[in-house]
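Please read all numbers here as calculations on a predicted model, not as lab measurements.
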Amino acid sequence: MPRFTKTLRVPYVPAECFQLVSGIEKYPDFIRWITALRVSEQRTVSPGVEECLGEVVVGFKGFAERFSTRVTADEPARRVTAALVRGPFRKLFAEWRITESVAGASDVSLEINYEFRNPVIGFLAAANHDMAVDRILAAFLAEARQRYGGRPTASAPE
């Protein structure tokens with residue numbers, strides 16, 4: 001199963017990063033290939049921990065897929081996870097981890113583990129996975145700049 005991890009140092013405090021990453025209903029506003037996203041089954045698991053079902057439509061170059069994930073936003077741990085419920089994947093798990101860095105900055109890590117049911121789609125995805133993860137992180141950084149203002153210490157994805 002392909003597994004990819006990238007970390008980005010951003011000039012935003014962990015609370016700002018968590019708010020951005022956990023607000024999945026806003027993803028279609030700033031991630032181009034998410035064409036629709038519906039949030040349902042929202043519930044509080046424990047203080048600071050929210051869970052929901054995210055139903056996503058992704059479109060890219062005439063290709064569209066629909067899938068659902070169970071999303072858990074754990075504010076005390078500064079972690080957001082998404083686990084496959086149904087869709088074109090055999091396996092899918094994504095995890096955002098936010099850690100405080102230096103001088104009001106944060107390190108934001110995105111780890112994605114996935115395997116498509118269709119080997120042709122899997123081959124195409126594997127050939128473009130680094131670019132896709134870089135674009136996801138770049139989209140989040142651009143949205144953070146728009147929401148919280150530009151600050152000088154952001155780094156490129158590692």
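Residue pairs meeting the salt bridge (Lys or Arg N to Asp or Glu O under 4.0 Å) criterion with at least one partner in residues 97-110, sequence neighbours excluded, are Arg9-Asp107, Glu95-Arg97, Arg97-Glu111. Applying the ring pair (Phe, Tyr, Trp, His ring centres under 6.0 Å) rule to pairs touching residues 64-86 yields Phe67-Phe89, sequence neighbours excluded.
Arg86 has its side chain within reach of Ser68: a pair of non-hydrogen atoms, C-beta onward, lies under 4.5 Å apart. Inter-residue side-chain proximity for Leu20 and Glu143 is flagged as met; some heavy-atom pair is nearer than 4.5 Å. A 4.5 Å side-chain heavy-atom check between Leu137 and Leu110 finds at least one atom pair inside the cut-off. Contact of the Phe18 side chain with the Val80 side chain is registered, since non-hydrogen atoms from C-beta on lie closer than 4.5 Å. Contact annotation: the side chain of Glu41 never approaches that of Glu55 to less than 4.5 Å [non-hydrogen atoms, C-beta and beyond]. Annotation: side chain of Val49 is not in contact with side chain of Thr44 (no heavy-atom distance under 4.5 Å). Here the side chains of Val10 and Leu141 are in contact, with some heavy-atom distance below 4.5 Å. Looking at Ile24 and Val39, their side chains come closer than 4.5 Å, going by heavy atoms from C-beta outward.
The main-chain N or O of Pro11 is never found under 3.5 Å from a side-chain atom of Tyr148 such that the two would form a donor-acceptor pair. Checking side-chain atoms of Thr35 against main-chain N and O of Val57 turns up a donor-acceptor pair under 3.5 Å. Under the 3.5 Å distance criterion, the side-chain polar atoms of Glu16 are matched with a main-chain donor or acceptor of Val13.
Other residues, nucleotides and ligands contribute at most 12 non-hydrogen atoms within 6.0 Å of the CZ atom of Arg66. Within 6.0 Å of atom CD in Gln146, 12 or fewer heavy atoms from other residues, nucleotides or ligands are found, so the atom counts as exposed in its surroundings.
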Next item on the list: Dump the intermediate steps for side-chain contact (heavy atoms from CB on, under 4.5 Å) on Arg43 and Glu50, then the final yes or no.
Entry: CA-CA 6 Å; Arg43 69 183 187 102; Glu50 301 291 325; over 6 Å; no
Next item on the list: Any chance you could lay out the side-chain hydrogen bond (donor to acceptor under 3.5 Å, both in side chains) test for Gln19 and Tyr12, step after step, and finish with the verdict?
Entry: CA-CA 11 Å; Gln19 180 184 30; Tyr12 305 101; over 6 Å; no
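Annotation: the span from Thr69 atom OG1 to Leu92 atom CG amounts to 7.0 Å, rounded to 0.5 Å. In this structure, the separation between CD on Glu51 and OG on Ser46 is 10.0 Å, given to the nearest 0.5 Å. Interatomic distance, Cys17 SG to Arg78 CZ, rounded to the nearest 0.5 Å: 9.5 Å. Note: Leu84 CG to Asn113 CG = 12.0 Å, rounded to the nearest 0.5 Å.
Linking ILVMFWY residues whenever their side-chain heavy atoms come closer than 4.5 Å, directly or via other members, places Val21 and Phe30 in the same cluster. Hydrophobic clustering places Trp33 together with Leu37 (ILVMFWY residues linked when any side-chain heavy atoms are closer than 4.5 Å, directly or through intermediates). Leu53 and Val56 sit in two unconnected hydrophobic clusters of ILVMFWY residues. Membership requires side-chain heavy atoms under 4.5 Å apart, directly or through other members.
Taking all atoms of both residues into account, the shortest heavy-atom contact from Pro28 to Ala36 is CG-C, 4.2 Å. Closest heavy-atom contact between Gly48 and Pro76: O-CD, 3.3 Å.
Close placement of the Trp96 and Phe140 rings is indicated, their centers lying within 6.0 Å of each other.
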